[in-house]
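Chain letters run A, B, ... following the sequence lines, proteins first, then strands; residues in each count from 1. Everything quoted here is computed from the prediction, not taken from an experiment.
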There are 2 protein chains.
Amino acid sequence: MTQPPFASQSATGKLPAEGTQARRFGKTRSAQSTALLEDYVELIADLLDSEGEARPTDIARRLGVSHATAIKAIARVKRAGLATARPYRGVFLTEKGHALAHRVRARHRLVVDLLRALGVPTESAEADAEGIEHYVSETTLKAFAQFLKARG
Amino acid sequence: MTQPPFASQSATGKLPAEGTQARRFGKTRSAQSTALLEDYVELIADLLDSEGEARPTDIARRLGVSHATAIKAIARVKRAGLATARPYRGVFLTEKGHALAHRVRARHRLVVDLLRALGVPTESAEADAEGIEHYVSETTLKAFAQFLKARG
DNA sequence: GTCAAAATGTAGCTATAGCTACATTTTACA
DNA sequence: TGTAAAATGTAGCTATAGCTACATTTTGAC
Ligand SMILES: [Mn+2]
Ligand SMILES: [Mn+2]
Ligand SMILES: [Mn+2]
Ligand SMILES: [Mn+2]
């Protein structure tokens with residue numbers, strides 16, 4: 001069966017079964033709801049490592065949001081059992097927070113590395129990865145790692 | 001310079017400049033705010049093509065949300081000038097809506113094709129693409145197309 | 001030690017995105 | 001043709017995520 005040049009393999013024009021499609025969208029919504037928690041935890045870990053402390057003001061400035069927004073989001077991170085805070089002493093990660101930070105950091109790096117391996121310029125890779133990372137499954141991550149390893 | 005096996009190229013341990021990081025996160029937030037619009041427009045286009053009509057009930061069932069949620073979201077899509085609707089006659093795309101649907105559809109296919117080319121199983125590729133697609137820049141899309149073309 | 005600046009916290013607003021429950025309208029069919 | 005089922009629409013609730021404005025607390029410079 002001959003294909004026209006550059007034709008998509010996935011352009012069949014048929015809709016997936018309703019249940020299948022609903023499950024896919026549901027997964028995406030669930031990932032979306034944890035994206036903010038992941039970004040905060042990753043940033044807190046980065047600040048703790050490189051600055052020794054993670055203050056709400058610095059978190060807000062790095063995220064590009066107001067400090068009020070950051071404080072409310074940090075409250076949500078605390079509610080999720082990922083962090084604790086001491087006023088004027090900054091934010092700290094719990095065991096659970098540290099574990100999440102490690103996973104999120106590894107995933108972020110892997111996504112950036114893959115994009116760069118595909119020829120995406122560094123800044124685009126970093127910017128896009130900030131969004132993409134939250135929607136990459138374990139299965140897909142394994143494929144990324146495999147590809148990078150094979151490619152050397 | 002010898003690298004330990006599988007070491008990340010992007011693991012430098014240094015934080016990006018504050019402004020750079022804030023710009024990246026801002027882009028991600030902006031993409032997030034259009035993700036829902038894109039999914040609705042893409043789904044409406046798919047239903048119009050394959051069923052001849054796009055009714056709120058069917059949209060809701062395929063997205064896995066209540067019909068009330070879908071109706072409110074469709075109101076937002078209309079407010080954005082992407083669609084119109086006639087009660088019991090379904091939802092229709094405006095010129096602008098059609099144009100967006102085409103872009104979104106092409107991007108969705110390209111993301112799925114790339115994931116599959118990297119060895120991601122079909123169902124994971126489809127599920128992950130549903131989230132990833134909204135955060136892929138034009139620059140990155142070009143790199144994906146280039147990679148697929150080179151790989152044949 | 002005082003006091004101004006910085007950081008933190010609070011209040012109140014908007015918009016989005018989900019839900020259930022109830023109301024209305026249109027179809028479909030017996 | 002009359003009525004039940006389906007579709008649509010509305011109301012009211014929660015939670016998230018952003019903002020500005022104002023209040024309080026802590027630091028730090030003098
Ligand atoms: Mn991110
Ligand atoms: Mn990240
Ligand atoms: Mn999507
Ligand atoms: Mn899609």
* Hey, is the side chain of A:Arg76 poking within less than 4.0 Å of OP1 or OP2 on D:dA17, counting only N and O atoms? -> yes

* Step through it carefully: locate the ring centre of B:Phe147, locate the ring centre of A:Phe147, and say whether they are under 6.0 Å apart. => yes

* Comparing A:Arg86 and A:Gln32 on DNA chain C - which has the more 5′ nearest nucleotide -> A:Arg86

* Hey, does the side chain of A:Arg79 come within less than 4.0 Å of D:dT16's phosphate (OP1/OP2), counting only N and O? -> yes

* Asked: Is the shortest side-chain N/O distance from A:Thr57 to OP1 or OP2 of C:dT8 below 4.0 Å?
  -> yes

* Structure fact -> Side-chain contact check for B:Lys72: nearest option of C:dT8, D:dC19, D:dG12 is D:dG12

* **Between C:dG18 (P) and A:Phe25 (CZ): distance, integer Å** => 11 Å

* To do: With heavy atoms under 4.0 Å as the rule, sort A:Arg61 into base, sugar-phosphate or nothing.
  => nothing

* Within the structure, does a side-chain N or O atom of B:Ser66 lie under 4.0 Å from either OP1 or OP2 of C:dC19? -> yes

* Structure fact -> Taken to the nearest whole Å, CD/B:Glu53 to C1'/D:dA7 is 11 Å

* Taking only Lys NZ, Arg NE, NH1 and NH2, and the carboxylate oxygens of Asp or Glu, determine whether A:Arg24 and B:Glu130 approach each other closer than 4.0 Å. => no

* Distance, rounded to the nearest Å, where B:Ile71 contributes CD1 and C:dT25 contributes C1' -> 12 Å

* **Distance, rounded to the nearest Å, where B:Glu51 contributes CD and D:dA7 contributes C1'** => 17 Å

* Asked: Hey, are B:Arg107 and B:Glu38 close enough for a salt bridge, meaning a charged N less than 4.0 Å from a carboxylate O?
  -> yes

* Quickly work out the A:Ile59 CD1 to D:dA17 P distance and round it to whole Å. => 15 Å

* To do: Would you indicate whether B:Arg105, at its atom CZ, is surrounded by more than 12 heavy atoms from other residues, nucleotides or ligands within a distance under 6.0 Å?
  => yes

* To do: Using the closest heavy atom to pick a nucleotide of DNA chain D for each, name whichever of A:Ala73 or A:Pro87 lands nearer the 5' end.
  => A:Ala73

* A:Gly90 or A:Arg29, whichever maps to the more 5' nucleotide of DNA chain C -> A:Gly90

* Asked: Taking OP1 and OP2 of C:dA7, is either one under 4.0 Å from a side-chain nitrogen or oxygen of A:Arg55?
  -> yes

* Asked: Over how many whole Å does the gap from B:His67 atom NE2 to D:dA6 atom C1' extend?
  -> 11 Å

* Report the C-alpha distance between B:Asp113 and B:Arg116 in whole Å, list the side-chain angles of each, state the deciding distance to 0.1 Å, and finish with yes or no for salt bridge (Lys or Arg N to Asp or Glu O under 4.0 Å). => CA-CA 5 Å; B:Asp113 285 349; B:Arg116 303 224 341 98; 5.9 Å; no

* What is the distance, rounded to the nearest whole Å, between atom CZ of B:Arg62 and atom C1' of D:dA7? -> 17 Å

* **Euclidean distance, atom CD1 of residue B:Ile74 to atom C1' of D:dG9 [Å, nearest integer]** => 12 Å

* Asked: Does a nitrogen or oxygen in the side chain of A:Thr69 sit under 4.0 Å from OP1 or OP2 of D:dC19?
  -> yes

* Distance-only donor-acceptor test, A:Tyr88 side-chain atoms vs D:dT25 base atoms, 3.5 Å -> yes

